[in-house]
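Structure first, then comments.
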Amino acid sequence: MANELTDRQKLLLLELVRHSEGVDPSEAARRLDVSRRTLQRDLRAVAGWLRPFRVRMESQGGRLCLQASPQELGRIEAELGPVTSRTLVVTPRQRAALLALWLLAEPGPLKLAYLGKVLDAAPASLSSDLNDLAPWLRARHLTLVRRQGFGVLIEGREVTRREAMADIVYEQISPYQLARMITREGDLSHPIARWLVQFVPQSVLKGLADTVEAVLGAAEPPVEEADRSEVWLYAVIQWLRAARRGLVRATDLDEGARPGDVALAKELLTSVEKATGLSALATEPEIRYMARHLAGLRVRLEDDFRLLPSNVTALDLAHRFVRAVEDITRLPFASDPLLVSGLAQHLAPVLDRVRAGLPIRNPLLEEVKARYPDLFSAAESAAHEVFAAHGLRLPDEEIGFLAMHLGASRERRWAEEKWRAVIVCPHGLSSARLLASRVRKELPEVSVQEVASAKSAAHMNADLILSTVSLPESGVPVVVVSPFLTEEDLRAIRLALAKMERPARTSLKPGETLTGASKWASRLASLARTATIRAETVGEVIRLVGLDLVRQGRASDAESIVEAIERRERLGSVVLPDRQLAVLHARTDGIDSPFVGVYRLERPIWMRGVAEDEPVSVFLVLLAPVHEDPVVIDGLGRISAALVESEALVEALKSADEEEIRRRLYDAMVRQGE
């Protein structure tokens, strides 16, 4: 009976049987490399084949599901028969990707006949694939060598080879899906997953996943889910190549890695060596190679850690970018503080990636261009204006992410919020912000509470979870949606809301926040301190600040202050571009109450800026206890916004007397509430 179905239809049916949460038709068509019309024909064939069984195929929330008992699903799978690697269809595009991965992974030449055997393809088909592959490799500074009697070989730098392998994997499947596919036993339906298991033992894949999760999950602050999956993939490729003696040379890498990234990379690869027994990974060049990728990671800032955006340089550039977009579009983007802070948090790792020449991938790029053509164009022009001055060029993939932030801001202003919803989107902050804004626009009855990780979403205080990936069952209803929130998604959400009881409504009393902010702003500003110090490095500045706080009786231990500031400073640049000003900030229980200090140097010191070192002559220090009143934290955050918006405040910090500085700081903390 199963012989009536084609290989592709068997694969489609197998996915429907094994995925109780359903199958996304668009994703299935993309994975099978067919049009939606062809997929519909396959689905009709599958539905016809299923008639003898007690089963119903239906659409739920835009996903296709089989409604049947577990026993009946077992009957279907038994009738379908064993599905082997030969049974599972490999599309021409997947075959070309596998061919490239085989050649990039192996250190020596491979015969075309051998490749034809392992890929189950005719030599003529592989020869055509190689013709298409050659220019793709040349664009990445890799060379395809083909000689009769010799075989086929790819030559080039080891770092470039690994980046090409990662590009191919990402083109086929997202890192989050890949991580789930590899670490979940038995789910190896994608050809790339089967290739990885063929080249890397499954025990090693799991060991690498456990190691990355343990090391990056314990980092301070912890790394975002999507980035942990990305590091896992790079670790897999690094292990695969090192196991075949494809090692990075010291001359392949520059010396620009941050000490904190190198230390984290060493910890990670040392743990990998213990887990897998491969000593070639714990060498200095391999550690620096991994540090290069860790530099671009996004971190998740917990509430007890957040004071200002992690990268003050990025905050300044975000503000300039938003102003430039506002000038182009004539839309009030600069009045949206969430946009500026979100862009700053997004840009912090991006700057490191661009400086290091790392790839930036955006699977939603074409969709962003189609949905937001005006914002993409504005973001492109504004990015050139702002970043080119520092010798940085953002690729289209990154422009797409910036346009998504702008789209989220443009759609954020609409409608009151009533239902409490949590967003789960492992693809990154911009996708999550876009989804949240689409929800606010299209569903005024829904209030987006926060963006959560897949693991913690079920424990949030919410009525509904909106997720871009499938989640385990929990006590909170879950609706799987696209970041762009399609009409099918909206119908699924409204159906879920219709089954829920209406939530109670609350409102904030007018003036509450403003009164609290004014009170605390006055107290904070009146206690602001100025001092002149002599230091040669930022480390000396931090230590002198700690000692000064002990002398004032504001702290009992300088070391706790130093540790907190250094921990925060390691996250990224604290220098405002072209201002000779740096901001040191932290939350720590080593201080008894909030502190604002201005420390002027007798002689400027040089610190890392946007693209090169810059002189710094003034340090603004902002500190607060871990469990400080949110109103106070908000006031300190407003100071950071004022720094990038007000040249007068910056000049006052450089040269004004203490009273003038206090007046400027007070204005900065209360002006947004007026």
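Throughout, numbering of the chain's residues begins at 1 and tracks the sequence.
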Is there side-chain contact between V644 and L576, with heavy atoms separated by less than 4.5 Å? yes
What's the verdict on side chain to side chain contact (heavy atoms under 4.5 Å, CB included) for V574 and V538, showing C-alpha distance, side-chain angles and the deciding distance? CA-CA 10 Å; V574 296; V538 65; 5.6 Å; no
Is R600 close enough and on-axis enough to F619, meaning under 6.0 Å and within 45°, for cation-pi? no
Just verifying a value: how many Å separate E326 CD and L339 CG, rounded to the nearest 0.5 Å? 10.0 Å
Check the pair D613 / M607 against side chain to side chain contact (heavy atoms under 4.5 Å, CB included), numbers first and verdict last. CA-CA 5 Å; D613 289 351; M607 295 182 62; over 6 Å; no
Check whether any side-chain N or O of R579 sits under 3.5 Å from a backbone N or O of P577 as a donor-acceptor pair, and report yes or no. yes
Please check this pair: side chain of R420 against backbone of V448, looking for a donor-acceptor N/O pair closer than 3.5 Å. no
Decide yes or no for H293 and R162: does some side-chain heavy atom of the first lie under 4.5 Å from some side-chain heavy atom of the second? no
For the pair I542 and E566, evaluate side chain to side chain contact (heavy atoms under 4.5 Å, CB included) and give the outcome as yes or no after the intermediate values. CA-CA 8 Å; I542 295 172; E566 287 182 340; 3.9 Å; yes
Backbone N or O of M669 within a donor-acceptor pair of the R638 side chain at under 3.5 Å? yes
Electrostatic pair D548-R529, nearest N-O below 4.0 angstrom: yes
Any pair counted as salt bridge (charged side-chain N to carboxylate O under 4.0 Å, His left out), so long as it reaches residues 384-398, sequence neighbours left out: K369-D396
Quick one: CG on D327 to OG on S381, what's the gap to the nearest 0.5 Å? 12.0 Å
A535 to L544 - nearest heavy-atom pair and separation: CB-CD1, 4.2 Å
With a 3.5 Å distance limit and no angle check, can you tell me whether Q238 reaches the backbone of E286 through a side-chain donor-acceptor pair? yes
What heavy-atom pair brings R523 and S593 nearest, and what distance separates the two atoms? NH2-CB, 4.5 Å
With a 6.0 Å cut-off (strictly less than), is the heavy-atom count around NZ of K654, excluding the residue itself, greater than 12? yes
When rounded to the nearest 0.5 angstrom, what distance separates OG1 in T313 from NE2 in H390? 9.0 Å
Smallest separation among heavy atoms of I591 and P625, with atom names: O-CG, 3.8 Å
Hey, does the side chain of S409 reach the backbone of H405 with a donor-acceptor pair shorter than 3.5 angstrom? no
Taking side chain as C-beta onward, heavy atoms only, is L347 less than 4.5 Å from L315? no
Side chains of V451 and L435, heavy atoms from C-beta outward: is any pair under 4.5 Å? no
Among L601, V598, V650, find the one that has a side chain to side chain contact (heavy atoms under 4.5 Å, CB included) with V618. V598
Pair E659 + R663: basic N to acidic O under 4.0 Å: no
Is there a side-chain contact between L216 and L264 (heavy atoms, below 4.5 Å)? yes
Point-to-point distance, once rounded to the nearest 0.5 Å, from CZ of F401 to CG of N362: 3.5 Å
Enter the distance from D557:CG to E563:CD here, rounded to the nearest 0.5 Å. 9.5 Å
Quick check: closest heavy atoms across V368 and G400, and the distance to 0.1 Å? CG1-O, 3.7 Å
Measure the shortest side-chain to side-chain distance between L643 and L620 over non-hydrogen atoms and say whether it is less than 4.5 angstrom. yes
Got a donor-acceptor contact below 3.5 angstrom from the E614 side chain to the D578 backbone? yes
Between Y599 and F595, how do the two ring planes meet: parallel, tilted or perpendicular, split at 30° and 60°? tilted
Pair R228 + E213: basic N to acidic O under 4.0 Å: yes
Specify the closest pair of heavy atoms between P483 and L364, including all atoms of both residues, with the distance to one decimal. CG-CD1, 4.1 Å
Contact between L233 and I237 at the side-chain level, heavy atoms closer than 4.5 Å - yes or no? yes
Determine the minimum heavy-atom distance between A344 and A314, stating which atoms define it. O-CB, 3.4 Å
Got P604 and V616 here, is their nearest side-chain heavy-atom distance under 4.5 Å? no
Step by step, work out the side chain to side chain contact (heavy atoms under 4.5 Å, CB included) result for V212 and V272. CA-CA 8 Å; V212 169; V272 168; 5.7 Å; no
Please determine whether salt bridge (charged side-chain N to carboxylate O under 4.0 Å, His left out) holds for the pair R353 and E230, giving the CA-CA distance in whole Å, both sets of side-chain angles, and the decisive distance to 0.1 Å. CA-CA 13 Å; R353 283 182 177 273; E230 182 171 326; 2.7 Å; yes
Look up atom CG in L208 and atom CH2 in W232, then write down how far apart they are to the nearest 0.5 Å. 8.0 Å
